[in-house]
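See structure below.
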Amino acid sequence: MILAWLISILFVGGIGAWLSEKSNPELPRVIALATILLDLLLVVLMLVAPGALGLDAAAQADLGEPGQWLVLYSSEWIPRFGISFIFGADGLGLLLITLTVFLGLVSLGSAWHEIKERTGFFYFNLLWTLAGVIGVFTALDMFLFFFFWEVMLIPMYFIIAIWGHENKEYAATKFFIFTQVSGMLMLLSILVLVFFHFQDAGEITFSYFDLLGTNIPPGYAFWVMLGFFLAFATKLPTVPMHNWLPDAHSQAPTAGSVILAGILLKTGAYGLIRFAIPLFPQATAAFAPTAMLLGVISILYTAKVAFAQNDLKRLIAYTSVSHMGFVMLGIYAWTSQGVQGAVMTMLAHGLSAAALFMLAGGLQHRIHTRQMDEMGGLWGAAPKMGFMALFFTVAAVGMPGLGNFIGEFLVLLGAFRISVAAAAAAAIGMVVAAVYSLIVIQKVFHGENTHKLELKDLTTIEMICFGMMMIGLLWMGLYPQSMLDMSEPTLRSLGVLFFQ
Amino acid sequence: MTSNLIIDLMQIIMLTATTVVVMVTAAFKRDHAVVCGLTVFGLFASLMTFLLIKPVLPFAATELLMIDEYSLFFSNLIIVGAIAVALLAYPYFRNHSAQNEEFYILLLTATLGAVVLACSNHFVAFLLGVEILGISLYAMIAYTVHDTSSAKFPLEAGIKYLILSALASAITLFGIALVYAFLGTMGFDEIPAALEAAGEPGPVFIIGVLMIVAGAAFKLSLVPFHIWTPDVYEGAPVPVTAYLATVSKAAMLAVTLRLLLASNALEFNAVTAVLTVMAAASMIVGNLLAVMQENTKRLLAYSSIAHLGYLMVVVVAAAQVENALSVEATSFYMLAYFIMSLAGFAVISAISSSVKELDQLSDFRGLFWRNTWLSSVLIIVLFSLAGIPLTAGFIGKFYIFSIGVEGELWFLLTILIIGSAIGLYYYLRLIYTMMQPPESISNDPAAMQIPAGVQVVLVTMTIAIIYLGVYPAPMINTLQSLSGAF
């Protein structure tokens, strides 16, 4: 029930923020802050003292293996189709929920001074996106999952379409159509899955627990799996479905980019780990080499494309696709290190990409351009900003001691066991990453300030946000075991290969 | 027995009585408000008689009409639609210079025809219903013909509908004649037995059925019988467009489905093949042409072509799956489509009047910031039409998908996904237009004041869309009971 609360608080807070605009345009952001802090408090309590919330084993719904879920709630919704509300969180889910709420706070910080117009509706959309994402991370009924999958899409569309930059209509529409169409393919796959389960077991159900282990005729299994894969790979995104991402990112307002890069992309990876692979183990085994190849192509190809960009946000967007290639590679290696690495990369990239987009957004807000050839020598004008940019860039490149390194290292280790060639090719990606990242620092922050740009350095709110993300990355880099321990039971129950 | 007959025909009797009362009232006292009020009251009263009818179902009221849960559901839907149209029509015609009272008489006769259609179980009743509905609609479409500044081409629309509809009726009639020549019966549920007795069905029978299907496809505006739709939708006054899009289609769909299921016509490959082609073509053509439209009425017209195409997927699947499931799916989708369309046209109607119709896409620019409530309704409607969760349209699409999977109609499902993808584009375009900053704040004061009747329609339909989308279980239970009819 606590999970339903987490989601409802955001839904209600969103409506409250929208309504409060009438009385005072400053009020919505305060309400949004209070809402997210309340959620954060609940999440922290769940992590630290689950007992205080009454989350002991006896209180949980009786589904799946006992003890596997920290929280599990189930109740009927549409009995005609065997659809129910099943919310559950295990270690992996909790990690991602924490990331979501945390980045929600960060995106709020980045919007605090930037969004001046129609604030009520903006924070409404922000909170509803977060609610949709938490729903995706906790829903264990396929219908409910699909429902949240779409719910997180609409407010994001509005955020890009209303508060976006010069080419927002194109970007927002493209984002929506890509995600929706691939989502429809997933819906079709879900229904086919349910249909085969019905033929087998004689009951219509959308419950994840019942659908696990459904017998699908071999001719169909591949296509059904592909429906899921396409939806998740579009969201992740992976080449060749990555096309929407650079547009959406470059046009979205800063807070939108933060949420997109930080959280929304991770729903795709989560879907692969939780649904696409465990539901179709045989079909996946046959498909894994292709998926790993796509991952490697994503890493190398988009790294090269990133290098060619002049638009700062587009560049970071392409690097996101490149890093998500590691996630794809690690997941489809399906070994303990590979998937653990993918999870770590998801978390670390969530923070580092969010920080970089916040910097790019902050720069655009201050000097009204994203083109790197119109920048230069900004370190002197804004030293704090320069430092943060350097820190998060080296984090993204994979500096040991920070989270991204742990993630990508583990992915390579895990993939090496399965395919030496793939791991070797992916490792080249890390070298290219250093090239395109350093070029950013050189072009934007080093050299002469030839354009005589003057700008305000980071505000206190921004410093707090960056500080929190720094701490997060350091923690992940120095004490990754705390997170690996959380996700391990989940991965074991999903059937990931563990080596001694 | 006789008393049951009267109770079962209560809705039709009440509608007829209301028509007479309204006509007499209009003859003695020309008062727009009184006539409209009487109409709404009469419609509401005949709607409420379903409480009396329900306990004595199913009942074959003469050879011609079959009153059962199925027909009652569609009759209720039709009458609710008529009430909504009457509520939209009052503010719309308020400033109309000519006489308005006759409009409500036409509305009532059209509704009578639609209810007869929904209940018909015999070709005679079928034709009777089609003609009562059609002839009333000719006049309704061209109603504002003397008002130069109103809907642009009412006369063109009226004539177009008259000629094409008459042609469609003639084709239907010929088809009925062929079927009768072969079978010697006109009752829907007598067809299977007659077919068995007549032996191998020759081309005469198949062609006859296909001609009837073509006539129905005209009313349902399925491709390639859709040409009239955008022009008539655009030319007709908004309330009439709403009526055409909802009531007329629901009635026709009800009778077509009953005919196809009762007569086992779907067992013939020729019939399913024709339906498959029409479904696929409607989904593609409707969605593709909607992309180009700059007029919201035309846009909704093409979108309705596409939606009827989606519905035909269920009808085609009915050949493979149980009748009960396809009836349930069709009714739900029709219900969802009905509500969405009514709400959509109510929004256009709220900013229009017979004096000035604001139906261009550019008229909606910045509506979200000028009138948040009104445009929120339209956004919900558009998301519902696009099949996004939290709305009735999603559950409807879910039904179509699941029935398509069960019938293993992979080709039609692929077309459905492609069609929906194109559909998203133009729905989003309208939403985006509304989200743009308005050109000037005091652009249109009329948009700020929504007449009470329209407001009622907007509120009810919006609540219905969300309610059916979030908690469809009760409605699904109701719809499951409909299938007892087959």
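Order of the sequence lines sets the chain letters (A, B, ...), proteins ahead of strands, with each chain counted from 1.
In this structure, A:Lys168 NZ and B:Met435 CE are separated by 11.0 Å, a value rounded to the nearest 0.5 Å. The CG atom of A:Leu188 sits 10.0 Å away from the OG atom of B:Ser402 when rounded to the nearest 0.5 Å. A:Phe195 contributes atom CZ, which lies 5.5 Å from atom CD of B:Glu408 (distance to the nearest 0.5 angstrom). To the nearest 0.5 angstrom, B:Ser376 atom OG is 7.0 Å from A:Phe121 atom CZ. Separating the CD1 atom in A:Ile83 from the CD1 atom in B:Ile395 is a distance of 6.5 Å, to the nearest 0.5 Å. Going from atom CD1 of A:Ile78 over to atom OH of B:Tyr471 covers 9.5 Å, rounded to the nearest 0.5 Å.
Of the atoms belonging to A:Ile177, heavy atoms from both backbone and side chain fall under 4.5 Å from chain B. Both the backbone and the side chain of B:Tyr425 come within contact range of chain A, with heavy atoms under 4.5 Å apart. Neither the backbone nor the side chain of B:Tyr427 comes within less than 4.5 Å of any heavy atom in chain A. For B:Pro474, no part lies near chain A; criterion is any non-hydrogen pair under 4.5 Å. There is no contact between B:Ile403 and chain A, counting heavy-atom distances below 4.5 Å. For A:Trp18, the part lying near chain B is the side chain, with the backbone staying farther off; criterion is any non-hydrogen pair under 4.5 Å. For A:Tyr220, the part lying under 4.5 angstrom from a heavy atom of chain B is the side chain only. Of the two parts of B:Phe383, only the side chain, counted from C-beta on, holds a non-hydrogen atom closer than 4.5 Å to a non-hydrogen atom of chain A. Residue contact with chain A, scored on non-hydrogen atoms closer than 4.5 Å, involves the backbone and the side chain of B:Leu390 alike. Neither the backbone nor the side chain of B:Thr414 comes within contact range of chain A; no heavy atom of the residue lies under 4.5 Å from a heavy atom of that chain.
When the candidates A:Val194, A:Leu191, A:Val151 are compared by the number of heavy-atom contacts under 4.5 Å with chain B, A:Leu191 comes out ahead. With chain B as the partner, the residue from A:Glu150, A:Glu117, A:Arg80, A:Gln199 showing the most heavy-atom pairs under 4.5 Å is A:Arg80. Counting heavy-atom pairs under 4.5 Å between each of B:Leu428, B:Val405, B:Leu424 and chain A puts B:Leu428 at the top. Of the listed residues B:Gln436, B:Glu406, B:Lys397, B:Arg429, the one with more heavy-atom pairs under 4.5 angstrom with chain A than any other is B:Glu406.
Heavy-atom contacts from other residues, nucleotides or ligands closer than 6.0 Å to NZ of A:Lys22 number 12 or fewer. Counting heavy atoms of neighbouring residues, nucleotides and ligands inside a 6.0 Å radius, atom CD of A:Glu76 does not exceed 12 of them.
Here the side chains of A:Thr173 and B:Tyr432 are not in contact, with every heavy-atom distance at 4.5 Å or above. No side-chain heavy atom of A:Phe147 sits less than 4.5 Å from a side-chain heavy atom of B:Val470. With a 4.5 Å cut-off on side-chain heavy atoms, B:Ile476 and A:Phe81 count as touching. Inter-residue side-chain proximity for A:Phe143 and B:Phe398 is flagged as met; some heavy-atom pair is nearer than 4.5 Å. Residues B:Trp369 and A:Ile162 are in side-chain contact: their nearest non-hydrogen atoms beyond the backbone lie under 4.5 Å apart. Side-chain contact between A:Phe146 and B:Phe394 is present, with at least one heavy-atom pair separated by less than 4.5 Å.
The nearest pair of heavy atoms linking B:Ala421 to A:Val181 is CB-CG2, 3.3 Å. Listed here is the closest heavy atom pair of B:Ile388 and A:Gln180: CD1-NE2, 3.3 Å.
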**Report entry** Criterion side chain to side chain contact (heavy atoms under 4.5 Å, CB included) on B:Phe401 and A:Val192, from CA distance to verdict
**Finding:** CA-CA 9 Å; B:Phe401 268 116; A:Val192 176; over 6 Å; no

